[in-house]
A.B. asks: 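Quick one: the structure is below, questions incoming.
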Amino acid sequence: MDRREIAHVMRTMGALLEIKGEDSFKVRAYEKAAERLAYHDYDLPAMAREGRLVEIPGIGKNLEPKLRELIQTGRSSFLERLFQEVPEGLLDLLRVPGIGPKTARLLHESLGVAGLQDLKVALQEHRVQSLPGLGKKREELMEKGLREIERYSGRLSIGIALPVLENLVGALSLHGVRGEIVGETRRYEETVASLDVLMQEVGGESPASTLARTAILPSASQSSLEQAWDPKDRAFAFRTSFGVALRLHFEDEQAFWARAISLTGPASFVESLAKRAKKKGYRLEERGFYQSDRLVDAGDETGIFGLLDMCFVPPEARHRPELIGLAYLEGGEGEPQEGCERFDFVSTGDIKGDLHVHTSWSDGVAGIEDMVQKARSLGYSYLAITDHATDLKLIRGLTPERLEAQLAEIRDVSRKYPDVRVLTGVEVDILKDGQLYLPDDLLSRLDLVVASVHQDIGDAKGELVNRLVKAVANPNVDLIGHPTGRLIGRRPGHQAGLGPVFEAAAASGTALEINSSPQRLDLPEELAAAALEAGATFAICTDAHSPEILEDMRFGVYASARRAGIPRDKVLNARERPQEAMKKGS
DNA sequence: GCCGTTTTCGGCCCGACTGTTTTCAGTCG
């Protein structure tokens, strides 16, 4: 079981306890433990064996046995008990805006609502507004949120899907078995409906034997493996705790890459590639790349594109038909890969620094020095420390006084690490009237100012676009943080009518963030493409609240920027020197 | 439920907003 899947189960336990009405700090303890497990790479099987799980911060005498069972058997009797008391579907209700644990329980106990489908019906019949404490407004809020949730139901964030599959492929390779990530995950879709890996068949070994030998699914017996095998699909399908299926496809060596192309998709791309093949005298099928009924050994996927006189089309660009046309090298011979600058999108290797991170000066969990050390380990040339300046009380934000104190600490840390330029910055709130939370004279002294909307996200007065335009026009603002404010699968954010913001940003040189957090991916691909069209520049940032999250940069780069076709010269933090990444210079 | 103790229990993420109340519970950032 992947550590992220274990973390997911712990989080589920917490949520179920919350619905049961348990003490909120107890719930919090499960969430904290889950967080810890998700982001730290402990050798869990060894620690479980040696009774050392309690060494993990947040794991005490009560969580230890639950965690150990989960690690060693892939099951949890505690979770199963909880599910007997609280229907699984109630968990989904918690994602609906306006529904917390109390309301979820109320809906269940008085209306028998046990999931999203029940809720939908109850809302349609206006039975929800009759409940004590609820009313018409609440019903409308739920109805609106439900639509957003339905769009993402049964889907898993790329932020979990990708690392889980990378781990799995890594474990396979330790056993000499080749695996490639395919499907939506390979294309960096924001969310995926299934987890797909293509495994190469091992000569003289059945797929079930190969799988049993690699022990990547410790809880699966040989017989259960044989049951999960679908000979027609040539794939195993397993249920995961994430609610999406894990599919392990098998193919022999000769047909491996043809099958990989087919499984990577999307269907429209595979179809047009097959047409191209036909035109070039080949036949591209699901299970082989042929010329006159003979399997062609093209080497790998790139080789197949080459034989079709095409540039390699990166998987994350295959959903865009106009890009496929660009890949054709007519009359082309020789080295198609070299002539493919048209796919020269910004890449993770181009990123020279992160311009939006938090520390324990506001709601981050690590100190400035920890973040700087992590930035160094990633090979960055610069890092901007941008803690919150906000009047939201939950976050202990930076006041002018605390900001002064922080600047002194940044100076000290800077001296210690001369190889990384630590930029002074702030993430300042855009208030309800479009003013910023800190005064201009203070902002003008900082290297970099991120301005973001955290208040009145619901945009009660319909002023959001004006607020953003006002912030963009402020000469002290370098970057607009998570411009739409969406949270994937939870709230849609403001995705319509941002044209004026993009135009203002292009005119003033204020960059727009592509927030790399897999929960946000904001700007999303379509809007990033629109902003690019409008002439805007971008900064791809992680918004990290802990050092590990600095590694999430790739999600912004791939799942938004590259899918939108953004070139590196439009990305501030792909620039070599920090001064170039700041509008004002330094 | 965890942690850190002044070692056996109290603190841990606070407070505005909302819609529903008739004095506030629940949600959310």
A.B. asks: Is a salt bridge present between A:Glu148 and A:Arg491, judged by a nitrogen-to-oxygen distance below 4.0 Å?
C.D. replies: no

A.B. asks: Check nucleotides 26-28 of chain B against the protein and report each pair of N or O atoms closer than 3.5 Å, with its distance, or say if there are none.
C.D. replies:
{"residue": "B:dG26", "atom": "O3'", "partner": "A:Thr103", "partner atom": "OG1", "Å": "3.3"}
{"residue": "B:dT27", "atom": "OP1", "partner": "A:Gly100", "partner atom": "N", "Å": "2.6"}
{"residue": "B:dT27", "atom": "OP1", "partner": "A:Gly100", "partner atom": "O", "Å": "3.2"}
{"residue": "B:dT27", "atom": "OP1", "partner": "A:Thr103", "partner atom": "N", "Å": "2.9"}
{"residue": "B:dT27", "atom": "OP1", "partner": "A:Thr103", "partner atom": "OG1", "Å": "2.5"}
{"residue": "B:dT27", "atom": "O5'", "partner": "A:Gly100", "partner atom": "N", "Å": "3.4"}
{"residue": "B:dC28", "atom": "OP1", "partner": "A:Gly98", "partner atom": "N", "Å": "2.3"}

A.B. asks: Ion pair present between A:Arg3 and A:Asp41, side-chain N to carboxylate O less than 4.0 angstrom?
C.D. replies: yes

A.B. asks: Which heavy-atom pair separates A:Leu448 from A:Ala384 by the least distance, and what is that distance?
C.D. replies: CD2-CB, 4.0 Å

A.B. asks: So A:His388 and A:His545, would you call those rings parallel, tilted or perpendicular, with 30° and 60° as cut-offs?
C.D. replies: tilted

A.B. asks: Can you tell me how far the CG atom of A:Leu123 sits from the NZ atom of A:Lys144, to the nearest 0.5 Å?
C.D. replies: 14.5 Å

A.B. asks: With sequence neighbours left out, what residues match A:Tyr30 under ring pair (Phe, Tyr, Trp, His ring centres under 6.0 Å)?
C.D. replies: none

A.B. asks: In whole angstrom, give the distance that lies between atom CG of A:Leu106 and atom P of B:dT20.
C.D. replies: 13 Å

A.B. asks: Taking only nitrogen or oxygen atoms into account, show me every contact under 3.5 Å that the protein makes with nucleotides 4-12 of chain B, one pair per line with its distance.
C.D. replies:
none

A.B. asks: For the P atoms, the ones on B:dT21 and on B:dG26, what distance do you get once it is rounded to whole angstrom?
C.D. replies: 13 Å

A.B. asks: Using the P atom as the point on both nucleotides, what is the distance between B:dG10 and B:dA16, in whole Å?
C.D. replies: 28 Å

A.B. asks: For A:Arg486, is there an ion pair with A:Glu190 - N to carboxylate O distance below 4.0 angstrom?
C.D. replies: yes

A.B. asks: Who does B:dG15 pair with, Watson-Crick or G-U, both distances under 3.5 Å?
C.D. replies: B:dC28

